[in-house]
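The structure appears right after this line, and notes come after that.
Note: hydrogens, waters and symmetry copies are ignored here, and every other heavy atom, side chains too, is used. Atoms within each ligand, like the ligands themselves, are counted from 1 in listed order.
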Amino acid sequence: MVKHKVYCCLPKLFLCFCVSLLFIGCKSNIEPNTIIPFPQSVSYTGKTFETKVGSQFYTNLSGKEKDDLSEYLKASPLALQSTDAASSARISFDIVSTIGDTLTVDGGYSMSISNKNIKVEATSSAGIFYAVQSLLQLANIQDNGLVTFPTVDVVDYPRFEYRGMHLDVSRHFYSKEFIKKQLDAMARYKLNYFHWHLTDGAGWRLQIDRYPELTQKGAFRPYKTWKEWWKADRHYCDENDENAEGGYYTKDDVKEIVEYARQRHITVIPEIEMPAHSEEVTAIYPELSCTGIPYTTAEFCIGKEATFEFLQNVLLETIDMFPTEYIHIGGDEANKNTWKACKACQKRMKDEGLKDVDELQSYLIHRMQEFLQSQNKKMIGWDEILEGGLAPNSIVMSWRGEEGGIKAVQQGHEVIMTPGGYCYFDSYQDAPINEPEAIGGYTTLAKVYSYNPVPEEVKDKAHLIKGVQANLWTEYIPTPEHAEYMLYPRILALSEIAWTNPSNKSWDRFHEKALKEVDWLQANGYNTFDLKNEVGAREGSETPIDHLARGKKVIYNSAYSSQYPAGGDSALVDGYCGDWMYNDNRWQGFVKKYVDVVIDLGEVTPIKSIKTEFMQLAGPWLWMPTEVVYSVSMDGENFTELTKIETQTSPEYELLAFETYQWEGESEARYISVYAKRNEEKTGWLFLDEIIVR
Ligand code: ACM
Ligand code: ZN
């Protein structure tokens, strides 16, 4: 069935007439507005262009660029064939010096599909490639080889120059074929940087000829999953060991992947972690650590010159493999205490006049930046590289929120935004009680879509925000299917916030198209999250619940934590329940305390039910109360116990759990006391959201 969207007001009869004509004249079942990321300007003109799989196209590109395009189109579902006879091809892709005198942004293109031909113009081969992606998304290919497109005029260009996807291949190793498959999807959504997290404590994944043991030993462990390895001895093993799990990419693999990416206008940025997240290196080369003893520290010793020699040698081979102008040196999450206890590090600090360990880390980062610059490379690092002073010409990836990014922009540095709350796809994407175990956090498709990578604070320096990136850390993602499940469809939202101008964003349109795109992804072998059956927000977290205690006064006999106050004194009776995560500003947290609160209903009121819900999550030490006691009082001094409810949730249960503690009966009260005892054997938190009285 054809659906038509009518955007203007016309007299009803005339409208019916037009719609009938459209139904008769239209052979395709394509709906308008079906491109992700949504173009800057798109106008559908209501007709259809028809062609066949295997049709001819013409391009004025030449040499390698022409070969790349021809190969890509030939292998695409349209199977287009290149011809040199411009006049005989109804489909053309041409490089021009400017488009309508305006469109010169790299990657920009114009595409006009009439009922007679398809005409693409761009100022770069990247622009032509992105037009091809739009075309592929618009194509309706039938089993008999007939292809139809809606007629449309598109003028399009990216909002950000950097549109990235990151993949951690250390915590779990993924095959070369898997990487290529993800590069295919990146291309479809016009993403252009693949940030390859190749080294970390759980395994070194890059062949380095000078240090063969990095991969012979550091790429394997006698445990299949990161979790098993993490809970056990965190040791590595020889690649030939019977139980060896893991793997690495050879130089030939890297060459193949880099070339595959290049053909899709994707740049591969390697990340070599330093000075932390390097347990696999210090286990094999303990002389590079402060202790000199394997399996004792994740940090390189910054006092020893051997560290610099090693890192520079590794970087030289890395640079040889990756033609990109960018190298990522990590820089995150160092345990700087290691350096406080090290003689060599202390001597370095003294010799270089470094006042603290932040400056010591910054010393290493500065040296690495100088080294990379001497190799004509630009350095990227996680936002910790700001600590102790940011090296010149370095690019900051802001992951601990936006603060690092804002600070770096204010210092005149370029920034890539990857704030955890929006861009970390290792978090839950739907109700965590139904999802496979994730590291934590709760980032729905809608949340990713809501993100604007230019913070208000630096709006006037927006040109320094190079772009935005999604990160997939894989501690809890042991299989390639699971990795795809976490990426899709969230990467679609990332692509739209990276490409589309905010004024053109529409959640409803995006969501509708994303549902179809999920079907396409599944039909093409991707294991996606089941978007059409998304559970969504927890009941009561979006629309308030009306009940007798709502808006009434709460007397706190024990204080909530200032870290998790939710809405403060009114949080437990504001009508809103919490969503799926404790840090959503609706759940109120009590640390190392009982919950002891009294609600003043204002007058004696008949009551039939009291209900509270608590949350348990072992990771951040949230536990169920051992029991919850409800009591009532007329004067606020003499209380009568209504019930004492013991918990049903085992403290051994590690995943997210919710438990409702409910009393039902007949009573009267002006004051209601809620008293929840904490588990004395478990240091940590009690979290509750709403006390619902009926
Ligand atoms: C990071 O997530 N440690 C950059
Ligand atoms: Zn040291």
inquiry  = Counting only heavy atoms closer than 4.0 Å, does ligand 1 sit against the backbone of Glu333, its side chain, both, or neither?
reply    = side chain
query = Nearest protein heavy-atom contact for atom 2 (O) of ligand 1: which residue, which atom, what distance?
reply = Tyr424 OH, 2.6 Å
query = Tell me, which protein residue and heavy-atom name are nearest atom 3 (N) of ligand 1, and how many Å apart are they?
reply = Asp332 OD2, 2.6 Å
Any N or O of [X] closer than 3.5 Å to N or O of ligand 1:
X      : answer
His277 : no
Trp382 : no
Trp399 : no

message = Pair Phe173, Tyr249 - check ring pair (Phe, Tyr, Trp, His ring centres under 6.0 Å), show working.
response = CA-CA 9 Å; Phe173 178 73; Tyr249 306 96; 4.7 Å; yes
Establish, yes or no, whether the cationic atom of [X] lies under 6.0 Å from the six-membered ring centre of [Y] and within 45° of the ring axis.
X      : Y      : result
Lys447 : Tyr422 : yes
Lys217 : Tyr236 : no
Lys505 : Phe510 : no
Arg538 : Phe658 : yes

remark   = For SG in Cys290 and SG in Cys345, the angle at the Zn ion (ligand 2) (nearest 10°) is 110°
query = the Zn ion (ligand 2) as vertex, arms to SG of Cys301 and SG of Cys342: angle to 10°?
reply = 110°
Ligand-residue contact atoms, ligand 1 with Trp473, heavy atoms, under 4.0 Å = 1 (C), 2 (O), 4 (C)
message = Run Glu402 and Tyr451 through side chain to side chain donor-acceptor pair (under 3.5 Å) and show every step you take.
response = CA-CA 11 Å; Glu402 293 186 312; Tyr451 184 54; 2.7 Å; yes
task = Walk me through it: do Tyr248 and Asp253 pass the test side chain to side chain contact (heavy atoms under 4.5 Å, CB included)?
result = CA-CA 9 Å; Tyr248 60 91; Asp253 291 337; over 6 Å; no
